[in-house]
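Working notes, structure below.
Counting starts at 1 for both ligands and their atoms, following the listed order.
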Amino acid sequence: MPIQLFVPTFRVDECLQEIRECLDKGWTGLGYKTVEFEEKWKAFTGMSHAHFVNSATVGLHLAVKIFKDELGWKDDDEIISTPITFISTNHVITYEKLKVIFADVDESLCLDPIDVEEKITDKTKAIIYVGIGGNSGKYKEIEMLRNKYNLKLILDAAHMVGTKLDGENIGMEADATVYSFQAVKNLPTADSGMLCFKDEKRDQIARKLSWLGINKDTYLRSNENGDYRWKYNVEYIGYKYHGNSIMASIGLVQLKYLEEDNKYRKQIASWYDEGFRPYKNLIRSIPIAKGCESSRHLYIIEVDERDALMKTLNDHEIYPGVHYIDNTTYSMYSYAAGSCPKANYMSEHILSLPLHLRLTKQDVDKVVEIVIKSVQVGGKQGT
Ligand SMILES: *Cc1c(COP(=O)(O)O)cnc(C)c1O
């Protein structure tokens with residue numbers, strides 16, 4: 001059996017039961033289960049606001065747009081971001097005609113506060129921080145920079161579903177935190193996300209913008225008697241970004257199992273840790289920051305000969321991934337090529353090992369064994 005990087009696990013019967021309720025009721029859209037999921041998400045994280053959207057990408061876009069419009073940011077103003085991320089993080093800045101300024105990463109693969117501070121200019125308006133693999137990195141120091149320079153901080157928490165820092169859900173102090181519930185993330189639906197603004201007013205604007213700028217959601221417009229309050233105003237040129245009750249149904253079920261699921265992810269990560277411990281010089285696991293209880297979305301190692309290791313693993317039907325290719329090597333962002341040497345180096349040497357709930361101890365042992373063999377051979381050839 002091939003060993004894949006990610007395979008989502010759904011509690012199928014429970015998901016179908018929730019979805020059946022939507023179908024029986026004849027309510028699959030905005031409202032109903034989306035409201036219930038938002039409430040449960042707030043209870044789980046402690047966030048004050050949560051708006052369910054159809055992906056993290058659109059949630060990030062709304063966050064950038066809402067800050068830009070409210071604070072009067074100009075085209076070509078700058079947002080500092082990371083080259084080691086899924087491209088959504090940086091595209092949402094570009095959507096709003098702002099400039100992505102790439103800062104380098106540190107040993108956690110998250111933004112390095114020292115380089116971030118060096119890249120702050122008069123045009124810098126915000127920082128988007130990504131907790132790679134669920135790791136907090138030096139997030140607290142980034143918060144301090146936000147305060148010192150009066151910037152906005154957007155946390156791309158796509159990997160951080162369930163991550164805690166110093167015992168608290170991470171992102172409580174960010175100006176906006178955005179989660180992904182895309183199929184391979186820790187809380188899989190099919191596609192959806194959650195946009196959590198710290199500020200109530202922005203949460204309200206997001207709710208209008210995510211439904212074409214209409215100022216009331218469908219649920220409010222009709223009551224139990226079928227009384228249809230059909231008249232509404234349109235206040236913004238909004239988007240079709242809101243989530244729906246079918247996705248929320250799956251999310252509600254998956255949320256119940258999130259802590260248990262993340263616990264098993266941690267177990268898998270500790271099996272990898274144990275297996276690689278004697279080979280620390282050849283196989284360097286990305287360290288989890290102090291005080292961080294990572295969601296363990298990813299298990300990333302850094303090796304000398306990444307491509308050779310990838311090929312050996314593929315030959316054994318093991319299919320790791322790379323999170324991520326340095327975004328400044330993409331033609332869209334090549335203006336920044338060379339600006340983040342550490343990110344560029346890491347991007348050539350990292351590999352994400354299979355990590356999902358269907359893996360057994362035997363699977364992990366097999367991956368560990370082949371990784372060790374491969375890097376030992378590689379090491380010998382190199383000497
Ligand atoms: C998956 C991911 C996103 C985008 O999430 P979607 O819900 O698929 O839009 C954004 N940022 C990071 C770091 C991601 O891994």
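- The atoms of ligand 1 that sit less than 4.0 Å from any heavy atom of Val130 are 13 (C).
- Residue contacts with ligand 1 do not include His323, since none of its heavy atoms lies under 4.0 Å from the ligand.
- When each atom of ligand 1 is checked for a heavy atom of Ser180 under 4.0 Å away, the hits are 5 (O), 6 (P), 7 (O).
- One finds the OG1 atom of Thr82 at 6.0 Å from the CD1 atom of Ile132 (value rounded to the nearest 0.5 Å).
- For Tyr324, the heavy-atom gap to ligand 1 drops under 4.0 angstrom.
- Ligand 1 has no nitrogen or oxygen under 3.5 angstrom from a nitrogen or oxygen of Asp191.
- Checking Lys185, Gln182, Met194 against atom 1 (C) of ligand 1, the nearest heavy atom belongs to Lys185.
- Cation-pi contact between Arg11 and Tyr257: present, with separation from the ring centre below 6.0 Å and deviation from the ring axis of at most 45°.
- No hydrogens or angles considered: a donor-acceptor pair under 3.5 Å links the side chains of His297 and Asn186.
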Step by step, work out the salt bridge (charged side-chain N to carboxylate O under 4.0 Å, His left out) result for Asp175 and Arg146.
-> CA-CA 10 Å; Asp175 299 286; Arg146 181 262 318 258; 3.0 Å; yes
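- Only side-chain heavy atoms of Ser88 come within less than 4.0 Å of ligand 1; its backbone N, CA, C and O stay farther off.
- Using a 4.0 Å cut-off to heavy atoms of Ala158, the atoms of ligand 1 that qualify are 2 (C), 3 (C), 10 (C), 11 (N), 12 (C), 13 (C), 14 (C), 15 (O).
- Regarding atom 11 (N) of ligand 1, its nearest protein heavy-atom neighbour is Asp156 OD2, 2.7 Å.
- Atoms of ligand 1 lying under 4.0 Å from any heavy atom of Thr89, numbered from 1 in the order shown and given with element: 11 (N).
- Interface atoms of ligand 1 facing Ala56, defined by a heavy-atom separation under 4.0 Å, are 4 (C), 5 (O), 6 (P), 7 (O), 9 (O).
- In this model, no donor atom of one side chain and acceptor atom of the other lie less than 3.5 Å apart for Thr34 and His242.
- Ring geometry for Tyr335 against Phe102 counts as tilted: the plane angle lies between 30° and 60°, on a 0 to 90° scale.
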For Ile79 and Trp73, what are the C-alpha separation, side-chain angles and deciding distance, and is it a side-chain contact (heavy atoms from CB on, under 4.5 Å)?
-> CA-CA 10 Å; Ile79 296 187; Trp73 297 350; 4.0 Å; yes
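- Within ligand 1, the atoms closer than 4.0 Å to a non-hydrogen atom of Thr57 are 4 (C), 6 (P), 9 (O), numbered from 1 in the order shown.
- Remark: minimum distance from atom 15 (O) of ligand 1 to any protein heavy atom is reached at His159 NE2, 2.8 Å.
- Close approach to Thr85 involves these atoms of ligand 1, each under 4.0 Å from a residue heavy atom: 13 (C).
- Here side-chain hydrogen bond (donor to acceptor under 3.5 Å, both in side chains) pairs that include residues 281-292, with residues two or more places apart or in two chains, are Arg284-Glu302, Arg284-Asp304, Ser285-Tyr299.
- Side chains of Gln4 and His356: a donor-acceptor N/O pair is absent below 3.5 angstrom, by distance only.
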